[in-house]
Visitor: 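Could you have a look at this structure, given as C-alpha cells, before my questions?
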Amino acid sequence: TGYLYATALHWATTQFTPASMEVVPQNTAERLFAILTLFGSLVLFPSLLSSITNTVASFRKKNSDYIEARSNLLSFLEVNRV
C-alpha cells in the first residue's frame with residue numbers, strides 16, 4: 001500500500017509541474033526519489049527565476065540612473081555653454 005500512496009503523490013505532484021510520468025519508477029524507493037526531485041524542483045526553480053528577475057531589475061535601474069545622470073550632464077553643459 002505504501003507504493004500506491006507514493007504513486008498517487010507522484011502523480012499529483014507532476015500535475016503542478018512540467019514533469020511527466022513517461023519514465024515510470026519501478027519500486028517505492030525510485031518513486032520516492034522522483035517525488036523528492038519534483039519537490040526540490042518546485043523549491044529551486046522559483047528561487048532561480050526570482051534571482052534572474054532581481055538581476056534584470058537591478059540592471060534596468062542602473063541603466064535608468066546612468067541615462068538620467070547623462071541627461072543632467074548634457075543639460076548642465078548646454079546651459080553653461082561648455
Side-chain angles (χ1 to χ4, degrees):
T1 58
Y3 183 76
L4 295 177
Y5 285 117
T7 301
L9 180 60
H10 183 205
W11 179 85
T13 306
T14 60
Q15 302 310 303
F16 295 103
T17 65
S20 66
M21 286 188 56
E22 293 178 21
V23 177
V24 182
Q26 298 296 315
N27 56 47
T28 304
E30 290 177 0
R31 176 117 12 226
L32 291 175
F33 177 78
I35 292 167
L36 291 174
T37 303
L38 286 169
F39 280 131
S41 67
L42 286 172
V43 171
L44 293 177
F45 180 71
S47 298
L48 174 66
L49 189 60
S50 173
S51 176
I52 291 170
T53 302
N54 288 335
T55 301
V56 170
S58 175
F59 284 142
R60 285 184 177 170
K61 174 72 171 123
K62 287 178 184 178
N63 190 40
S64 174
D65 291 345
Y66 169 78
I67 290 171
E68 183 180 354
R70 188 169 193 268
S71 176
N72 290 339
L73 174 62
L74 291 176
S75 294
F76 173 81
L77 294 174
E78 184 178 326
V79 167
N80 293 300
R81 300 175 193 235
V82 176

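Every heavy atom of this structure was used, including side-chain atoms; hydrogens, water molecules and symmetry mates were not.
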Visitor: Ignoring hydrogens, what is the shortest heavy-atom contact between Ala6 and Ile35? Give both atom names and the distance.
Guide: O-CD1, 3.3 Å

Visitor: Grab the two heavy atoms, one from Gln26 and one from Glu30, that are nearest each other, plus how far apart they are.
Guide: N-OE1, 2.6 Å

Visitor: Is Phe45 reachable from Leu36 through a run of I, L, V, M, F, W or Y residues, each pair having side-chain heavy atoms under 4.5 Å apart?
Guide: no

Visitor: Could you tell me whether the side chain of Ser75 and the main chain of Ser71 form a donor-acceptor pair under 3.5 Å?
Guide: yes

Visitor: Any sub-3.5 Å donor-acceptor pair from Thr37's side-chain atoms to Phe33's backbone N or O?
Guide: yes

Visitor: How close do Ser41 and Pro46 get, heavy atom to heavy atom, and via which atoms?
Guide: O-CD, 3.8 Å

Visitor: Please check: side-chain N/O of Thr53 versus main-chain N/O of Leu49, any donor-acceptor pairing under 3.5 Å?
Guide: yes

Visitor: By the salt bridge (charged side-chain N to carboxylate O under 4.0 Å, His left out) test, which pairs, at least two apart or in different chains, include something from residues 45-67?
Guide: Lys61-Asp65

Visitor: Quick one: list whatever passes side chain to side chain contact (heavy atoms under 4.5 Å, CB included) with Leu4, sequence neighbours left out.
Guide: none

Visitor: What residue among Asn72, Leu74, Asn80 forms side chain to side chain contact (heavy atoms under 4.5 Å, CB included) with Phe76?
Guide: Asn80

Visitor: Identify whether Val82 and Leu73 are in the same connected component of the hydrophobic contact network (ILVMFWY, side-chain heavy atoms under 4.5 Å).
Guide: yes

Visitor: Using a cut-off of 6.0 Å, state whether more than 12 heavy atoms not belonging to Tyr5 lie near its atom OH.
Guide: no

Visitor: Check whether Leu38 and Tyr3 end up in the same hydrophobic cluster, where Ile, Leu, Val, Met, Phe, Trp and Tyr are linked by side-chain heavy atoms less than 4.5 Å apart.
Guide: no

Visitor: Taking Ser51's backbone N and O only, do any of them form a donor-acceptor pair with Thr55's side chain (distance below 3.5 Å, no angle check)?
Guide: yes

